[in-house]
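This report refers to the structure that appears directly beneath it.
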Amino acid sequence: PYAAVCHIRCQWADGTVATGSGVLVGLNDVLTAHHVIFNAGSGGYATRITVTPGADTAPTWNTPFGSHSN
């Protein structure tokens, strides 16, 4: 079940970076909260999003299914 949980890293045009989580709900669909990918103070929607399904962040960064970016 942990394979469906995703680590999401977003970067905005002004250089701001933030992370959040999501869950795979389809072959190409990730469900997340709007505030993970949108930040009015940083210019709106993120310009680069990296999704890492099944990521294990502790004690070391482990990405069993790789990462996918737009």
Side-chain angles (χ1 to χ4, degrees):
Y2 295 110
V5 177
C6 299
H7 179 272
I8 301 172
R9 181 182 186 275
C10 297
Q11 183 172 352
W12 283 264
D14 69 354
T16 302
V17 174
T19 61
S21 62
V23 63
L24 291 170
V25 294
L27 292 175
N28 295 305
D29 303 311
V30 176
L31 178 66
T32 190
H34 190 249
H35 71 265
V36 173
I37 61 168
F38 183 86
N39 184 328
S42 295
Y45 285 100
T47 55
R48 181 165 181 83
I49 301 172
T50 303
V51 176
T52 308
D56 185 3
T57 59
T60 61
W61 180 250
N62 184 17
T63 58
F65 305 107
S67 293
H68 307 279
S69 299
N70 69 334

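Here the structure is a predicted model, which is why all the values come from computation and not from measurement.
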Quick one: closest heavy-atom pair of Phe65 and Ala3, and the distance?
CE1-CB, 3.5 Å
Nearest heavy-atom neighbours spanning Gly41 and Asp14
O-OD2, 4.2 Å
ILVMFWY cluster, Val36 and Tyr45 together (side-chain gap under 4.5 Å):
yes
What pair of heavy atoms forms the shortest contact from Val30 to Gly22, and how long is it?
CG1-CA, 4.2 Å
Measuring from atom CD of Gln11 to atom OG1 of Thr19, what distance do you get when rounded to the nearest 0.5 angstrom?
13.0 Å
Roughly how far, to the nearest 0.5 Å, is CZ of Arg9 from OG1 of Thr52?
10.0 Å
Are more than 12 heavy atoms from other residues, nucleotides or ligands located less than 6.0 Å from atom CG of Asn70?
yes
Look at atom NE2 of His35 and say whether more than 12 heavy atoms of other residues, nucleotides or ligands are closer to it than 6.0 Å.
no
Locate the shortest heavy-atom distance separating Pro53 from Gly66; write the atom from each residue and the value.
CD-O, 3.6 Å
Testing the basics here: between Ser42 and Thr16, what is the closest heavy-atom pair and its distance to 0.1 Å?
OG-OG1, 3.3 Å
Can you check side-chain contact (heavy atoms from CB on, under 4.5 Å) on Asp29 and Leu31, steps first, answer last?
CA-CA 7 Å; Asp29 303 311; Leu31 178 66; over 6 Å; no
Cluster check Val17, Phe38: I/L/V/M/F/W/Y, side chain < 4.5 angstrom:
no
Within this structure, what is the CD1-OG distance for the pair Ile49 and Ser69, rounded to the nearest 0.5 Å?
9.5 Å
Check the hydrophobic clustering (I, L, V, M, F, W, Y; side-chain heavy atoms under 4.5 Å; chains of links allowed) and say if Ile37 and Trp12 are grouped together.
no
